[in-house]
Participant: 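Just dropping this structure here.
All residue numbers in this chain count up from 1 along the given sequence.
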Amino acid sequence: MAELDDSALVQMRGVRKHFGDLEVLKGISMDVHEGQVSVLLGPSGSGKSTLLRCINHLETIDGGRITVDGEIVGYREQSDKRLREMHPREVAKQRRSIGMVFQRFNLFPHKTALENIIEAPMIVSRRSKAEAVAEARRLLARVGLDAWADHYPSQLSGGQQQRVAIARALAMKPKLMLFDEPTSALDPELVGEVLDVMKELAKEGMTMIVVTHEIGFAREVADQVVFMDGGVVVEAGAPSELIDNPQHARTQGFLQSVL
């Protein structure tokens, strides 16, 4: 596993998370560098999605720390080195630079594709409607949906809804994008259109952390693949190392089940 680097854009150090008596994350430490695509693999219940939600403080952590671009996420360090949780307004301000795309698109059903995208830039970033609309139309074209701007989510396929969700996250101009199994709710024939958008983002240098079971995507796009199981990082490395030549029996068994 690569050595930890304090210059990395995303740094996780000893991250722990409990739900009641269940310890879901057991001291996770890893880095993601600017422009890097990191793919998290592992069985259900391994802690991947929880870790992703901790990175933008949708879940609090019970130990360790996470920093993005030098700022501790969700907490301020006190003089005694202990962490104090930020006020929700401060957390919301931090989240502006971290885009997240969920498994279930989470679009507003009563708003069109365009309206879904302009909501946060106008309300959170105080952009003018004209500026927000122009940017939304540019982003819809970028994800191949410029002709669907005035359609409601119910009028869009699952793949189209997920591409709108990606455009919505990009509208906040994030420095980091988190993807939580973005294709798992899609019919198989719609998966490719979402992965193609993500591949383009990777080519453009977007820093991305992706929870997925799409091994082909990981092999083609990832700079780093991390295999998690039981709340720990079992092994990590380049796709050519981890996918083609896994060292741990747990990783080998998982890959045999999905390949």
Side-chain angles (χ1 to χ4, degrees), residues 4-6 8-34 36 38-108 119-120 123-125 165 168-169 172-182 184-185 207-212 224 226-234 236:
L4 298 176
D5 181 355
D6 288 340
L9 180 72
V10 184
Q11 301 170 34
M12 297 168 241
R13 300 291 183 267
V15 177
R16 295 184 176 275
K17 174 64 181 176
H18 296 82
F19 291 111
D21 294 332
L22 178 64
E23 189 174 23
V24 180
L25 300 176
K26 303 175 182 178
I28 299 289
S29 294
M30 60 179 283
D31 290 328
V32 181
H33 290 84
E34 186 173 0
Q36 189 177 53
S38 184
V39 170
L40 307 184
L41 299 178
S44 296
S46 59
K48 310 181 303 297
S49 293
T50 298
L51 181 62
L52 216 60
R53 291 172 65 84
C54 289
I55 294 171
N56 67 355
H57 205 63
L58 287 175
E59 297 286 356
T60 58
I61 59 176
D62 298 312
R65 64 183 59 197
I66 300 170
T67 64
V68 175
D69 202 15
E71 284 192 9
I72 302 172
V73 175
Y75 300 90
R76 292 206 183 282
E77 189 174 61
Q78 301 181 96
S79 57
D80 62 1
K81 298 298 184 181
R82 289 192 298 177
L83 299 183
R84 177 178 59 83
E85 190 171 8
M86 287 179 173
H87 188 279
R89 279 198 302 270
E90 295 178 288
V91 175
K93 188 175 181 181
Q94 272 192 334
R95 281 202 195 108
R96 295 180 195 180
S97 63
I98 306 173
M100 185 155 184
V101 177
F102 299 87
Q103 180 178 345
R104 297 279 177 184
F105 331 121
N106 285 11
L107 299 177
F108 296 117
E119 178 96 352
I123 293 175
V124 178
S125 299
R168 180 179 61 180
M172 293 301 290
K173 304 184 185 302
K175 61 186 69 169
L176 169 67
M177 285 284 284
L178 309 176
F179 292 86
D180 189 8
E181 300 197 32
S184 63
T207 310
M208 300 160 60
I209 305 177
V210 185
V211 172
T212 186
Q224 172 182 236
V226 177
F227 177 71
M228 292 179 61
D229 192 23
V232 301
V233 173
V234 177

Participant: Do His18 side-chain atoms and Gly20 backbone N/O form a donor-acceptor pair below 3.5 Å?
Facilitator: no

Participant: Judged by modelled atom types alone, do Ser49 and Asp180 share a side-chain donor-acceptor pair under 3.5 Å?
Facilitator: yes

Participant: Hey, mind stepping through Arg84 and Glu77 against salt bridge (Lys or Arg N to Asp or Glu O under 4.0 Å) and telling me if it holds?
Facilitator: CA-CA 6 Å; Arg84 177 178 59 83; Glu77 189 174 61; over 6 Å; no

Participant: Thr67 vs Val73, test: side chain to side chain contact (heavy atoms under 4.5 Å, CB included). Steps then yes/no.
Facilitator: CA-CA 5 Å; Thr67 64; Val73 175; 5.9 Å; no

Participant: Nearest 0.5 Å, what's the CG-CD1 distance between Leu178 and Ile209?
Facilitator: 5.5 Å

Participant: Which atom pair, heavy atoms only, marks the closest approach of Ala165 to Phe105?
Facilitator: CB-O, 3.9 Å

Participant: Between atom OG1 of Thr50 and atom CD1 of Ile55, what is the distance when rounded to the nearest 0.5 Å?
Facilitator: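 Between atom OG1 of Thr50 and atom CD1 of Ile55 there are 11.0 Å.
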
Participant: Please examine the side chains of Glu90 and Arg76, heavy atoms only from C-beta on, and report whether any two atoms are closer than 4.5 Å.
Facilitator: yes

Participant: Within a strict 4.5 Å, meaning less than it, do heavy atoms of the Val124 and Met172 side chains meet?
Facilitator: yes

Participant: Are the charged groups of Lys17 and Glu23 less than 4.0 angstrom apart, N to O?
Facilitator: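 Answer for the salt bridge query: no.
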
Participant: Can you find a pair of side-chain heavy atoms, one from Arg65 and one from Leu83, that are under 4.5 Å apart?
Facilitator: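 Yes. Closest side-chain heavy atoms under 4.5 Å.
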
Participant: Less than 4.5 Å apart, any side-chain heavy atom of Glu59 and any of Phe19?
Facilitator: yes

Participant: What distance do Asp62 atom CG and Arg16 atom CZ have between them, rounded to the nearest 0.5 Å?
Facilitator: 10.0 Å

Participant: Closest approach of Glu181 and Ser184, non-hydrogen atoms and distance?
Facilitator: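 Nearest pair, atom of Glu181 first, then Ser184: O-OG, 3.1 Å.
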
Participant: Do Phe102 and Leu58 make a side-chain contact, defined as non-hydrogen atoms from C-beta onward lying under 4.5 Å apart?
Facilitator: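 Yes, at least one pair of side-chain atoms sits under 4.5 Å.
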
Participant: When rounded to the nearest 0.5 angstrom, what is the spacing between CD1 in Ile61 and CD in Glu85?
Facilitator: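 Answer rounded to 0.5 Å: 10.0 Å.
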
Participant: Apply side chain to side chain contact (heavy atoms under 4.5 Å, CB included) to residues Gln11 and Ile72 and explain how you reach the verdict.
Facilitator: CA-CA 9 Å; Gln11 301 170 34; Ile72 302 172; over 6 Å; no

Participant: Where do Pro174 and Gly99 come nearest, in terms of heavy atoms and distance?
Facilitator: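 Between these two residues, the closest heavy atoms are CB-N, 3.5 Å.
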
Participant: I'd like to know if the side chain of Gln94 reaches the main chain of Val91, judged simply by a donor and an acceptor atom lying under 3.5 Å from each other, with no hydrogens or angles considered.
Facilitator: no

Participant: Please determine whether side chain to side chain contact (heavy atoms under 4.5 Å, CB included) holds for the pair Asp31 and Met12, giving the CA-CA distance in whole Å, both sets of side-chain angles, and the decisive distance to 0.1 Å.
Facilitator: CA-CA 6 Å; Asp31 290 328; Met12 297 168 241; over 6 Å; no

Participant: With side chains defined as the heavy atoms from C-beta onward, is the minimum distance between Tyr75 and Met86 less than 4.5 Å?
Facilitator: no

Participant: Assess the side chains of Gln224 and Ser38: does a donor N or O sit below 3.5 Å from an acceptor N or O?
Facilitator: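 The answer is yes; a qualifying pair exists.
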
Participant: If we check side chain to side chain contact (heavy atoms under 4.5 Å, CB included) with Leu40, which of these qualifies: Val210, Val233, Thr212, Leu51?
Facilitator: Leu51

Participant: Starting from the C-alpha separation in whole Å, work towards a yes-or-no answer on side chain to side chain contact (heavy atoms under 4.5 Å, CB included) for Val32 and Met208.
Facilitator: CA-CA 8 Å; Val32 181; Met208 300 160 60; over 6 Å; no

Participant: Between Asp6 and Arg13, is there a salt bridge with N-O shorter than 4.0 Å?
Facilitator: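 Salt bridge present between Arg13 and Asp6.
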
Participant: Mind listing the closest non-hydrogen atom pair of Pro182 and Val101 along with its distance?
Facilitator: CB-CG1, 4.4 Å

Participant: How long is the span from the OG atom in Ser97 to the NZ atom in Lys175, to the nearest 0.5 Å?
Facilitator: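 Ser97 atom OG to Lys175 atom NZ measures 4.5 Å (nearest 0.5 Å).
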
Participant: Do Val10 and Leu176 come within less than 4.5 Å of each other through their side chains, counting heavy atoms only?
Facilitator: yes

Participant: Roughly how far, to the nearest 0.5 Å, is the CZ atom of Arg168 from the CE atom of Met100?
Facilitator: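 CZ of Arg168 is found 11.5 Å from CE of Met100.
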
Participant: Testing the basics here: between Asp229 and Ser46, what is the closest heavy-atom pair and its distance to 0.1 Å?
Facilitator: CA-CB, 3.6 Å

Participant: Is it true that atom CG of Asp21 has more than 12 heavy atoms of other residues, nucleotides or ligands lying nearer than 6.0 Å?
Facilitator: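 No, CG of Asp21 has 12 or fewer neighbouring heavy atoms, counting only those of other groups under 6.0 Å.
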
Participant: For a quick test of reading the model, state the closest non-hydrogen atom pair linking Val226 to Ala236 and the distance between them.
Facilitator: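 Taking every non-hydrogen atom into account, CG2-CB, 3.9 Å.
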
